[in-house]
Each structure stands twice: as structure tokens, then as C-alpha cells.
K.L.:
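Sharing a structure below in C-alpha cells format, with a few things to ask.
Just so it is clear, the values below take in all heavy atoms, side chains as well, and ignore hydrogens, waters and symmetry mates.
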Amino acid sequence: MKIALLGGTFNPLHIGHCMLADTVVRELGFDKVLFVPTYIPPHKVLNSPVSPEQRLNMVRAFCDSAAIDGKRYFEAEPCEIERGGVSYTIDTLRYVIDSYKLDERPAFIMGEEVAAQFDKWNNSAGVASLADLIIARRHPDNNGVDVSGFSNTPSDAYLEDYKDESLLENFPYKYTMLQNPIFPVSSTEIRSRIANGKSFRYLVPESVFNYICENNLYGIKK
């Protein structure tokens with residue numbers, strides 16, 4: 001089975017994440033994409049009162065709703081939240097390889113803005129040795145929405161996303177560049193939209209929209 005991992009805070013999961021995973025399945029021939037919500041990301045401080053379990057539940061809701069004729073192409077993998085502490089990809093890859101008893105290397109999906117700072121990761125060489133790397137096209141754009149007060153804060157030596165994408169020019173590992181459609185939407189923008197009573201319904205899957213409303217997340221105004 002060909003498995004790819006897509007990690008992130010998913011705070012909340014949005015249509016860009018969904019389209020990215022679908023592109024990997026349909027255009028690169030993967031059997032399944034595992035969505036892996038982080039517990040504590042090593043590269044930023046989260047700006048949100050939403051719990052890790054709620055973020056995981058939103059991912060689960062989407063994966064459950066996305067099954068086609070009983071076949072599940074997407075799965076929520078809770079290992080990082082169950083493990084607790086700072087979430088390192090190298091640990092997750094080792095867990096997935098062992099637990100899923102894979103007969104071939106998994107793939108790891110990352111956006112351009114993440115790949116640009118891949119050298120700062122914990123054991124990035126180890127990650128590259130265990131997984132085939134897929135880099136997805138991204139685009140920084142908040143659609144004119146003021147996201148000040150809703151952005152996450154970079155940790156340690158990490159830069160703000162998109163601060164220096166030129167670093168990708170010297171990316172030292174073999175990778176596949178995914179020709180995915182670019183949706184100029186971010187979780188930060190969505191959190192801002194929700195808190196300020198702006199439209200956001202069609203920026204997230206319906207299952208995620210319903211979960212946000214039912215659980216009064218992100219300061220939603222009803």
C-alpha cells in the first residue's frame with residue numbers, strides 16, 4: 001500500500017488541505033493519505049483556544065465524510081496527539097512504518113514554505129532517509145482579511161512562513177514537486193473570519209463547518 005503523510009495543526013482543516021490530499025491520491029497514485037494533527041508543533045506557538053482533541057475531531061469528521069463507496073482514501077492518524085509533547089516527524093514516520101507494516105517507503109507531504117526551512121527540523125536527514133518527499137505549491141494570501149492577532153508565533157530559529165522561500169532553491173534532498181491547484185486560503189485567515197463574523201462556510205469541508213458551529217469554536221457568532 002502506498003501511503004503519504006500530511007502533517008499540520010489543522011486549526012482548522014480547510015479545503016486547501018483536502019484538495020492537496022486528493023491530488024496526491026489521484027495524480028500520484030497513492031492509496032491513502034494520513035492526516036496527522038500535531039500535538040505541540042516545534043516551529044510555532046499556536047494562537048487558538050481550540051484543543052488538540054478538537055483539531056483531531058475535525059480531521060476525523062472530514063475523513064469520515066470523504067469516503068467513496070465505502071473506500072477511505074483519507075484517514076486521521078492520532079499518534080502525535082496520543083504521544084503528547086512536541087511532535088517530531090521523524091518519530092511519526094518510525095511509528096507509521098512499524099504500525100502499518102508498509103512494504104514500501106511512505107511519502108511525506110510539505111508545503112513550499114515548510115520545505116524552505118526543512119534544514120531546521122529535528123533530524124531532517126533522517127526524515128528524508130525514511131520517506132519520499134513531496135513538496136506542494138503554496139501561495140501566501142489572506143484575501144484582504146486582517147489576520148493580526150490570529151497568526152501563530154514562530155519558535156526558536158524558525159522564520160515566519162514565506163519569509164524566505166529562496167531557501168528552497170538549495171533544497172538538498174530528492175523530492176517530487178506536486179502540481180496541485182493553489183487555494184489562497186489559510187487556517188489563520190479562517191480563524192480571523194470566524195471571530196469577526198465574516199463568511200467562511202465554503203472555505204472548509206461541510207463536516208468541519210458543522211463541527212465548528214456545533215462546538216462554538218473560534219469565537220463563532222451565531
K.L.:
Please examine the side chains of Leu133 and Lys174, heavy atoms only from C-beta on, and report whether any two atoms are closer than 4.5 Å.
P.N.:
no

K.L.:
Is it true that a side-chain atom of Asn196 and a backbone atom of Ser192 form a donor plus acceptor pair closer than 3.5 Å?
P.N.:
yes

K.L.:
Tell me, please, which residues at least two apart from Asp31 pass salt bridge (Lys or Arg N to Asp or Glu O under 4.0 Å).
P.N.:
none

K.L.:
Going from CZ on Phe30 to CG on Asp132, what distance comes out if it is rounded to the nearest 0.5 angstrom?
P.N.:
6.5 Å

K.L.:
Quick one: pull up NE2 in His14 and CD1 in Ile190 and give me the separation to the nearest 0.5 Å.
P.N.:
5.5 Å

K.L.:
Looking at every heavy atom in both Leu20 and Ala136, which two are closest together, and how far apart are they?
P.N.:
CD1-CB, 3.4 Å

K.L.:
Got a sec, which residues hit side-chain hydrogen bond (donor to acceptor under 3.5 Å, both in side chains) with Tyr173, two or more places apart in sequence or on another chain?
P.N.:
none

K.L.:
Can you name the nearest heavy-atom pair linking Cys18 to Leu13, along with the distance?
P.N.:
SG-CD2, 3.4 Å

K.L.:
My understanding is that only residues two or more places apart in sequence, or in another chain, count here; which of them pass salt bridge (Lys or Arg N to Asp or Glu O under 4.0 Å) with Arg72?
P.N.:
Asp64, Glu75

K.L.:
Which distance, rounded to the nearest 0.5 Å, do you find between the OG1 of Thr176 and the CD1 of Ile135?
P.N.:
9.0 Å

K.L.:
Any salt bridge (Lys or Arg N to Asp or Glu O under 4.0 Å) involving residues 200-220? Give me the pairs, sequence neighbours left out, ordered by first then second residue.
P.N.:
none

K.L.:
With sequence neighbours excluded, what pairs up with Asn216 under the side-chain hydrogen bond (donor to acceptor under 3.5 Å, both in side chains) test?
P.N.:
Lys222

K.L.:
Run the side chain to side chain contact (heavy atoms under 4.5 Å, CB included) test against Thr23 and tell me which residues pass, sequence neighbours left out.
P.N.:
Met19, Glu27, Leu178, Asn180, Pro181

K.L.:
Could you tell me whether the side chain of Asp91 reaches within less than 4.5 Å of the side chain of Arg94, counting heavy atoms only?
P.N.:
yes

K.L.:
Would you be so kind as to tabulate the donor-acceptor pairs closer than 3.5 Å made by side chains of residues 52-60, with sequence neighbours excluded?
P.N.:
from, atom 1, to, atom 2, distance (Å)
Gln54, OE1, Ser51, N, 3.0
Gln54, OE1, Ser51, OG, 3.4
Arg55, NH1, Thr9, O, 2.8
Arg55, NH1, Thr38, O, 3.0
Arg55, NH2, Thr38, O, 2.9
Arg55, NH2, Tyr39, O, 3.4
Asn57, ND2, Glu53, O, 3.3
Asn57, ND2, Tyr211, OH, 3.2

K.L.:
Is there a path of hydrophobic side-chain contacts, each under 4.5 Å between heavy atoms of I/L/V/M/F/W/Y residues, joining Leu28 to Ile68?
P.N.:
yes

K.L.:
What's the separation between atom NZ in Lys32 and atom CE in Met1, rounded to the nearest 0.5 Å?
P.N.:
5.0 Å

K.L.:
Evaluate the side-chain proximity of Tyr175 to Ile134: yes if any heavy-atom separation is below 4.5 Å, no if none is.
P.N.:
no

K.L.:
Hey, does Val127 have a side-chain heavy atom less than 4.5 Å from the side chain of Asn123?
P.N.:
no

K.L.:
Please list all pairs meeting salt bridge (Lys or Arg N to Asp or Glu O under 4.0 Å) that have one or both residues in residues 2-16, counting only residues at least two apart or in different chains.
P.N.:
none

K.L.:
Compare all side-chain heavy atoms of Asp119 with those of Phe171 and state whether any distance is below 4.5 angstrom.
P.N.:
no

K.L.:
Using a 3.5 Å distance criterion without hydrogens, assess whether the side chain of Arg193 forms a donor-acceptor pair with backbone atoms of Ser199.
P.N.:
yes

K.L.:
Rounded to the nearest 0.5 Å, how far does OH of Tyr218 lie from CG of Asn11?
P.N.:
3.5 Å

K.L.:
Quick one: list whatever passes side chain to side chain contact (heavy atoms under 4.5 Å, CB included) with Ile15, sequence neighbours left out.
P.N.:
Phe183, Val185

K.L.:
Where do Arg191 and Pro12 come nearest, in terms of heavy atoms and distance?
P.N.:
CG-CD, 4.1 Å

K.L.:
Kindly determine whether Leu6 and Val36 satisfy side chain to side chain contact (heavy atoms under 4.5 Å, CB included), including the steps that lead there.
P.N.:
CA-CA 6 Å; Leu6 178 60; Val36 189; over 6 Å; no

K.L.:
Test of understanding: with side-chain hydrogen bond (donor to acceptor under 3.5 Å, both in side chains), list the residues that count as partners of Glu80, not counting sequence neighbours.
P.N.:
Ser87, Thr92

K.L.:
Using modelled atom types only, decide if a donor and an acceptor are shared between the side chain of Arg105 and the backbone of Ser129 within a distance under 3.5 Å.
P.N.:
yes

K.L.:
Between atom CG of Leu5 and atom CG of Leu34, what is the distance when rounded to the nearest 0.5 Å?
P.N.:
5.0 Å

K.L.:
My understanding is that only residues two or more places apart in sequence, or in another chain, count here; which of them pass side-chain hydrogen bond (donor to acceptor under 3.5 Å, both in side chains) with Ser65?
P.N.:
Ser207

K.L.:
If a pair satisfies ring-ring contact (aromatic ring centres under 6.0 Å, His included) and one of its residues is in residues 63-93, list it, with sequence neighbours excluded.
P.N.:
Phe35-Phe74, Phe62-Phe74

K.L.:
Is it true that, when you exclude Lys221 itself, more than 12 heavy atoms of the residues, nucleotides or ligands shown sit nearer than 6.0 Å to its NZ?
P.N.:
yes

K.L.:
Do the non-hydrogen side-chain atoms of Phe200 and Ile220 ever get within less than 4.5 Å of each other?
P.N.:
yes

